[in-house]
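For reference, the structure discussed in these notes is given below.
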Protein chains: 2
Amino acid sequence: MKMNILVTLDSNYLYPLKVMLKSMFFHHPNDTFNIYVMHSRIKPEEIEDLKQFAAREGSEIIEVKIGEEHFADAPLLMHYTKEMYYRLLAFKFLPKELDRILYLDPDILVINSVKPLYTLDITGYLYAAAYRNQLGTAEVNKIRLKPYDIDAYYNSGVLLMNLALQRQYIDEEKIFEFVKKYHWKLILPDQDVMNALFARLIYPLDEKIYNYDVRKFRSYRTSSKGKFDMDYVIKNTVFLHFCGKKKPWHPDYRGRFHALYKHYEKLAFPKEEVVEEEALVVASV
Amino acid sequence: MKMNILVTLDSNYLYPLKVMLKSMFFHHPNDTFNIYVMHSRIKPEEIEDLKQFAAREGSEIIEVKIGEEHFADAPLLMHYTKEMYYRLLAFKFLPKELDRILYLDPDILVINSVKPLYTLDITGYLYAAAYRNQLGTAEVNKIRLKPYDIDAYYNSGVLLMNLALQRQYIDEEKIFEFVKKYHWKLILPDQDVMNALFARLIYPLDEKIYNYDVRKFRSYRTSSKGKFDMDYVIKNTVFLHFCGKKKPWHPDYRGRFHALYKHYEKLAFPKEEVVEEEALVVASV
């Protein structure tokens, strides 16, 4: 099966992107991917390198470069560039014949097949996304986005997009209008906009399977009455999401999935196979 | 390259053995193994299953069944069966044409190539093994095994065996004699015997590369002045050894390499690829 994947990023995230892609390739030995890379600032040689990386696994990188002319009049928020609109308005820049695509953040590991999600029936929904089900975040965000009276808060790190419906339904101007009006309330602008404007048209996914926040191992295990232990997670969870500021490719990271991340990182960036002198040094007895 | 591996176990360890073997196969896509399984009680159908498991990766299981007649007069220790002698006297039961073999405990993960170790020049040594370099264990064991005045304490979980020299040098009777004399002092009989009788003929390996005790992450990192961080371990360590009573295939296990162990466990025991109903259950919004 051939699946469409969307990523939007700048050069800073090319390194984790490769780890994410490698983990995805690893769990799909019999599938290939068309990976749309939406960006404005990645260098041609970096795109070329990415293309070769994907080609070695039988997959294809399709560059979607967003020129200066786009979003020229869109309202911007402090600290945010116009890239904040890429995810929301990707449908405008993707080929007309695509009717679905799976958007993934680059700080994700794919640890099981994405097919059950990719083939999900989302007729009538703009997206499928994971609902953050825990007390706290969801509640706070409901209150924060009160004017729009949402009854859920979704994480936008994993989004199965119904492009056909988005083309009919999503109005760029309404998004800009919303941002202008509520800019002072927005923390994660694209995620907030998606929740405020479209929450009722989002198909809710179990976050423990499709957007597992690696910081929440204990709380997931407890709330599932022990079902989501490490064994179950490794066998069933599809996306491990390394949410938060601390990232597993940083030297000072620590966390339960650190070794696993490093494992995929090594697969993505294999070193030359050399006999390491060092490895044979006699311990100083 | 084709390499000889030795394991000695009973049916209880077949499960982790497969995980260990799978991790080894994974890191040697271009090598194969002759795996000698030395045992007295594994069922024929279990051996057959193991053979198929290895054959799928191009490797071979060679059964070395030790009959009742062997070690009939050997001294036994409380709680220990005659299997305690298998590792020490394996050379007697292995084909005469083998001159080296790598013994591995089944509670190990192989996370990099074993070739640099396997091809090590150990002329004049009976074994290559990792020296437990930390204050504590090594010191205590030196004192415990004082009569034999050893100056090191080696872990017998990873042993590169020089079979040619062992056949000339190791005297079964001397081993039995030692066990009779010091039985009250022996805690891990085979490891103690190896250390007491042969320590000076063991080629010392860096335990952080060749017999990494997963419980010691912090102490290794500190003693190496930060060099052995997670990144370095995943890229350079060859054997992760899940020492101690808590094992990563137990439900209540926790530790830094838990997710990684579960990952290899899943590779060793892949489930049928089915669309899990469960995975698509809508979160209760």
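Values below: all heavy atoms of this structure, side chains included; hydrogens, waters and symmetry mates excluded.
Taking 4.5 Å as the limit, some side-chain heavy atom of A/M194 sits within range of a side-chain heavy atom of A/S156. Counting heavy atoms from C-beta outward, B/L102 and B/V158 have side chains that approach closer than 4.5 Å. At least one side-chain heavy atom of B/F33 sits under 4.5 Å from a side-chain heavy atom of B/F25. Taking 4.5 Å as the limit, every side-chain heavy atom of B/Y232 sits out of range of all side-chain heavy atoms of B/K208.
Proximity to chain B (any heavy atom under 4.5 Å) is shown, for A/K262, by both the backbone and the side chain. Only the side chain of A/Y264 has a heavy atom closer than 4.5 Å to any heavy atom of chain B. Within the 4.5 angstrom heavy-atom criterion, only side-chain atoms of A/L267, from C-beta onward, approach chain B.
Within residues 239-254 of chain A, the residues approaching chain B closer than 4.5 Å by heavy atoms are, in numerical order, A/R254.
The choice from B/D231, B/D229, B/I111 that makes the most heavy-atom pairs within less than 4.5 Å of chain A is B/D231. Contacts with chain A were tallied for B/K266, B/E265, B/H258; B/K266 has the most, counting heavy-atom pairs under 4.5 Å.
Using a 3.5 Å distance cut-off with no hydrogens or angles, the side chains of B/Y153 and B/D192 do pair a donor with an acceptor.
Separation of the B/F257 and B/Y212 ring centroids falls under the 6.0 Å cut-off. In this structure, A/Y131 has its ring center under 6.0 Å from that of A/Y154. The aromatic ring centres of A/H263 and A/F26 sit 6.0 Å or more apart.
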